[in-house]
**Student:** 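Right, I'll just put the structure down here and ask away after.
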Amino acid sequence: MSVENSSAPNFLYNQIREELEQAGGGTIVTRFPPEPNGFLHIGHAKSIWVNFGLAEHFGGKCNLRFDDTNPEKEDQRFIDAIKEDITWLGYQWNGEERYASSYFEQLYAWAQYLVREGKAYVDDLDAETMREYRGTLTEPGRNSPYRDRSVEENLDLLERMRVGEFPEGAKVLRAKINMASPNINLRDPVLYRIRHADHHQAGDAWKIYPAYDFAHGQSDAIEGITHSICTLEFEDHRPLYNWFLDNLPVPARPRQIEFARMNINYTVTSKRKLKLLVDSGVVNGWDDPRMPTVAGLRRRGYTPASLRKLCEMTGVARSSGVVDIHMMYHAIRSDLEENALRAMCVMKPLKVVLTNLPEGHEEIIEVSSHPARDDMGTRKLPLTREIWIDQDDFMIDPPKKFFRLAPEKEVRLRNAYVIRCDEVITDDAGNPVELRCSVDLDTLGKMPEGRKVKGVIHWVSADHGVPVEVRNYDNLFLDEAPDRDKEKDFLEHLNPESLEVVQGVGEPSLADAAPETRFQFERIGYFCADRWDHGKDGKLVFNRTVSLKDGWAKAQKKG
Ligand code: ATP
Ligand code: MG
């Protein structure tokens, strides 16, 4: 897919536009309905972009509702993180955030309603037996022996379940639909389970909790959601959601439309697996910059605009596909190319003495902070007799096409002069530890007389450089589909080199970098000042967002 035609309207837009046209106008209400049991990941960002984007486009509203039916797995901390992430992505939900738990009374009343209508019953089968009775994809299920309890008995048992008279697992409330239905979701699904757990919002008011399927659609109806946009795995649940809408006195009838989940290669986006990475200490928390969480990507240096752009580039489809992670890199790279400050930073310092500059020499060279953006101002580079360059920019015995520094060769110091390497001082093992170079003082902003100097390298004043810790990140997984194999543990595909920490030296302008300031370290890549950490000896920490080379854009041009 090319970037140019990517913002073409997707099938959701088209479908809703047609509906609204047929209805002669009106608007829509959508919602983003996370379960607060983990941090949001890049797939959720897609869902947010879809739901808030549709509402915005049609002049409607988008609610934020926590589908909090599973108190043991949920946490206030996740609620806070989810709200922060959505705000950071640039979206504002309609009014206050909502909670399915606020509707527990209504949901319970509807459960009683179904019982009274003879459409729900309390079942005493244990989980194992109930599974056996459910049948399989090829065999119908069987009715539970408790299916024909009287309305009075069911109402009484349900109320006693609610107040905690029975232990967990002793009973459930089930809808009475059809145990022979080809759709297993309709084989008398569970509506309520006994759980003697406190709830982060509802406190200790309940000893039973509604199943997600019983809460989700009805919560949409209560909120007057017009379009329940969700991912394809809920397609099989739609008949059940519609059964609830048909059999309950709900105030509205949301329409469910499914689209394909966004999956990215070299990445897992399942909260269960992400939680495993956190709990096992493979990464340092949900917002580790290697995590595909919104908070992790933020810390890595991704911008909200780049994530929205990725959503736009990858579109909305009815069938699943896998997004190439290079597309994500491309989205952030093109943003930072335009908007990140430029700076020089030496990763592996090698000392260079500029022998024809006097001791104490200090020359300030003023250069722009971005080559194409006057509005971003300038920065001051002090040039002193001793500077650092990167070890990789020097070779004692270079191959032919090495245009950087070598004995008796010349190179340009970026934004400054041409220098020549006159002498190499090595350690006992023969590794260079210091270079003695002379400066051609007639080359500031111009070519040297009578010869061509091709190479340009970055450098930092040894007197004024700022010690920094640089964290270079790589993909967390070596396999492009780490969770493809059901038999094999996805953790076996971990990249042991997903994090490399180096102690570097940055130019002085980096000293005041506020958390989350983004830079292009010239010739290296894009980096972001960490939000939280300080490195060794209190150093500033910079996270590598992405390297400079754009594999994806190149492949697009060729293709
Ligand atoms: P996970 O499978 O990662 O645990 P989930 O679906 O259980 O995700 P929810 O908190 O229920 O997580 O998700 C909130 C919304 O985000 C749902 O509407 C869901 O369909 C959507 N969503 C989740 N993952 C993706 C994805 N990869 N692409 C697009 N939408 C997604
Ligand atoms: Mg879910």
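Sequence positions, counted from 1, serve as the residue numbers for this chain. Atoms within each ligand, like the ligands themselves, are counted from 1 in listed order. All figures in this text were calculated on a predicted structure; none of them were measured in a lab.
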**Student:** Going by heavy-atom distance to atom 10 (O) of ligand 1, choose the closest among K271, K46, K273.
**Tutor:** K271
**Student:** Check each of A260, P292, G43 against atom 25 (C) of ligand 1 and report the one with the nearest heavy atom.
**Tutor:** G43
**Student:** Under the rule for side-chain contact (heavy atoms from CB on, under 4.5 Å), what residues qualify as partners of D287, not counting sequence neighbours?
**Tutor:** A295, R299, W532
**Student:** Which atoms of ligand 1 are found less than 4.0 Å from any heavy atom of S270?
**Tutor:**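 So the answer, numbered in order with elements, is 3 (O).
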**Student:** If only atom types and distance count, is the side chain of N475 paired as donor or acceptor with the main-chain N or O of F477 below 3.5 Å?
**Tutor:**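 Checked: no pair found.
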**Student:** Is there a donor-acceptor pair under 3.5 Å between the side chain of R518 and the backbone N or O of Y302?
**Tutor:** yes
**Student:** Is N263 in polar range of ligand 1, meaning some N or O pair under 3.5 Å apart?
**Tutor:** no
**Student:** Could you tell me how the ring of H216 sits relative to the ring of Y212: parallel (under 30°), tilted (30 to 60°) or perpendicular (over 60°)?
**Tutor:**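 H216 vs Y212 ring planes: parallel.
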**Student:** Look at the side chain of E74 and the backbone N and O of T69, then say whether any donor-acceptor pair between them is shorter than 3.5 Å.
**Tutor:** yes
**Student:** Under a 4.0 angstrom heavy-atom cut-off, which atoms of ligand 1 come close to P34?
**Tutor:**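 Answer, ordered by atom number: 10 (O), 14 (C).
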**Student:** Using a 3.5 Å cut-off on N or O atoms only, is E233 in polar contact with ligand 1?
**Tutor:** no
**Student:** For H237 and F234, I'd like to know if the aromatic rings sit close, meaning centre-to-centre distance below 6.0 Å.
**Tutor:** yes
**Student:** Return a yes/no value for Y212: is any of its N or O atoms, backbone included, closer than 3.5 angstrom to an N or O of ligand 1?
**Tutor:** no
**Student:** State the atoms of ligand 1, each with its element, that fall below the 4.0 Å cut-off from a heavy-atom position in T231.
**Tutor:**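 Answer for ligand 1: 19 (C), 20 (O), 29 (C), 30 (N), 31 (C).
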**Student:** Considering only heavy atoms of T269, which atoms of ligand 1 have at least one such atom less than 4.0 Å away?
**Tutor:** 3 (O)
**Student:** Examine H44 together with F39 and report whether their ring centres are nearer than 6.0 Å.
**Tutor:**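 Aromatic pair excluded; centres sit 6.0 Å or further apart.
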**Student:** Tell me whether R272 has any N or O atom under 3.5 angstrom from an N or O of ligand 1.
**Tutor:**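 N/O-N/O distance under 3.5 Å: no.
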**Student:** Identify whether NZ of Lys or CZ of Arg in R162 sits under 6.0 Å from the centre of the six-membered ring of W206 and within 45° of that ring's axis.
**Tutor:** yes
**Student:** Numbering the atoms of ligand 1 from 1, which are under 4.0 Å from a heavy atom of F32?
**Tutor:** 14 (C), 15 (C), 16 (O)
**Student:** Please verify whether a non-hydrogen atom of H41 lies at under 4.0 Å from ligand 1.
**Tutor:** yes
